[in-house]
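Heads up: the structure comes next, in structure tokens.
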Amino acid sequence: MQIAQFEEGLHGRVALITGAAVGNGRAFCERLAEEGAAIAIADIADASETVAAVSSITDRVRAYQGDLTIPETVERIVAAVARDLGRIDVLVHNVGLYEEEPFDLLTFEQWKRMLSVSLDSLFLVTHAVLPLMKRQNFGRIIALSSDTVWLGTPYLVHYVTAKSGIIGFVRSLAAEIGGYGITINAITVGLTATQDPTDRPMNRALLKDIIPPQCIHRADEPHDIANVVAFLAMPAASIITGQAINVDGGSARH
Ligand SMILES: NC(=O)c1ccc[n+]([C@@H]2O[C@H](COP(=O)([O-])OP(=O)(O)OC[C@H]3O[C@@H](n4cnc5c(N)ncnc54)[C@H](O)[C@@H]3O)[C@@H](O)[C@H]2O)c1
């Protein structure tokens with residue numbers, strides 16, 4: 001189905017949100033649906049809870065399951081979204097893997113897995129959606145990074161390296177796709193209350209040490225990040241590209 005004209009906000013648009021079975025991704029789906037977008041979810045996990053949550057806002061929601069580090073899987077999912085929903089206007093690349101490990105104990109396997117989940121998936125999904133966005137002369141790509149790239153948080157060398165790679169990707173690609181009306185930006189997210197952060201030993205330390213000196217003395221909530229995602233996804237954000245926007249209560253003053 002081709003939609004020729006668009007109303008206000010994201011009405012008539014289609015947003016693909018990766019890694020949206022849980023956490024921040026679910027909040028992004030709900031927020032973009034509230035702005036009028038049809039929602040496609042791609043995740044290695046079952047996303048039926050996110051589909052149920054978004055269904056109370058729009059019936060134009062679909063989930064596609066698969067490992068986004070595998071080229072054939074990404075091609076299959078992107079083709080299915082285009083077939084089922086007609087186009088892809090917004091890509092929110094939110095797939096991630098969080099793992100604390102002192103560098104001495106970090107194995108080459110852990111290192112490669114982190115880079116693959118964070119960066120191979122970004123390469124593959126962006127590569128697959130760009131031809132559609134170029135044909136439309138419109139696109140918004142938003143990739144989720146982390147404020148640990150500014151803070152240099154320890155025990156996260158593989159994670160911080162991967163999240164820094166996202167910023168390099170955004171900066172360079174922005175220059176190649178701007179002429180097609182496509183923007184690409186990263187959001188560097190602070191510790192977000194997507195799940196009980198006290199489950200993670202490193203996060204216990206972060207809560208104790210990092211939140212008090214922040215400018216805003218609370219952890220990010222998923223809706224804080226979702227508001228920025230929605231802003232960057234809007235047609236009106238057409239002049240903002242190649243940026244890494246920091247959303248962490250002022251922990252890093254990037
Ligand atoms: N939660 C935080 O405190 C925080 C802080 C900084 C940055 N971030 C980033 O924000 C994003 C979302 O965070 P979150 O805590 O909601 O994420 P999360 O780690 O809980 O979930 C990520 C999602 O990615 C999916 N996924 C993982 N590997 C995949 C693969 N190979 N193919 C397809 N899907 C895959 C998972 O199933 C999951 O649904 C991530 O990129 C994360 O790194 C989160």
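Counting starts at 1 for both ligands and their atoms, following the listed order.
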Does the side chain of [Y] come within less than 4.5 Å of [X]'s, by heavy atoms?
X      : Y      : result
Pro235 : Arg13  : yes
Ile225 : Asp220 : yes
Val14  : Val90  : no
Asp43  : Val95  : no

Mind checking whether [X] has a heavy atom under 4.0 Å from ligand 1?
X      : value
Arg26  : no
Leu97  : no
Gly190 : yes

Give the numbers and elements of all ligand 1 atoms closer than 4.0 Å to a heavy atom of [X].
X      : answer
Gly23  : 16 (O)
Tyr159 : 6 (C), 7 (C), 8 (N), 43 (O)
Leu191 : 3 (O)
Thr69  : 31 (N)
Ala45  : 37 (O)
Lys163 : 40 (C), 41 (O), 42 (C), 43 (O)
Asp67  : 30 (C), 31 (N), 32 (N)
Ala21  : 39 (O)

Taking atom [atom1] of [X] as the centre, report whether more than 12 heavy atoms of other residues, nucleotides or ligands fall under 6.0 Å from it.
X      : atom1 : answer
Leu105 : CG    : yes
Glu49  : CD    : no
His223 : NE2   : yes

Handout entry: Nitrogen or oxygen atoms of Val189 and ligand 1 under 3.5 Å apart
Key =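 Min N/O separation from ligand 1 is not below 3.5 Å for Val189.
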Practice task
With heavy atoms only and a cut-off of under 4.0 Å, state how Tyr98 meets ligand 1: side chain, backbone, both or neither.
Solution key: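 Contact part for Tyr98 vs ligand 1: neither.
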Problem - Side chain, backbone, both or neither: Val117 near ligand 1, heavy atoms under 4.0 Å - result: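 For Val117, only side-chain atoms sit under 4.0 Å from ligand 1.
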Handout entry: Residue pair His158 / Glu99, side-chain donor-acceptor N/O under 3.5 Å
Key =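 Yes, a side-chain donor-acceptor pair sits under 3.5 Å.
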Handout entry: Residue pair Asp67 / Thr73, side-chain donor-acceptor N/O under 3.5 Å
Key =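 Side-chain D/A pair, Asp67 to Thr73: absent.
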Heavy-atom nearest option to [atom], drawn from [options]:
atom                    : options                       : result
atom 44 (C) of ligand 1 : Asn24, Val22, Leu68           : Asn24
atom 3 (O) of ligand 1  : Asn94, Leu124, Asp147, Thr192 : Thr192
atom 22 (C) of ligand 1 : Gly66, Gly96, Ser145          : Gly96

Exercise for the section: Establish, yes or no, whether the cationic atom of Arg113 lies under 6.0 Å from the six-membered ring centre of Phe108 and within 45° of the ring axis. Expected result: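 Because its charged atom misses either the 6.0 Å distance or the 45° angle limit, Arg113 does not stack over Phe108.
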Exercise for the section: Inspect the contact between Asp224 and Arg218 and indicate whether a charged nitrogen and a carboxylate oxygen are less than 4.0 angstrom apart. Expected result: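 Yes.
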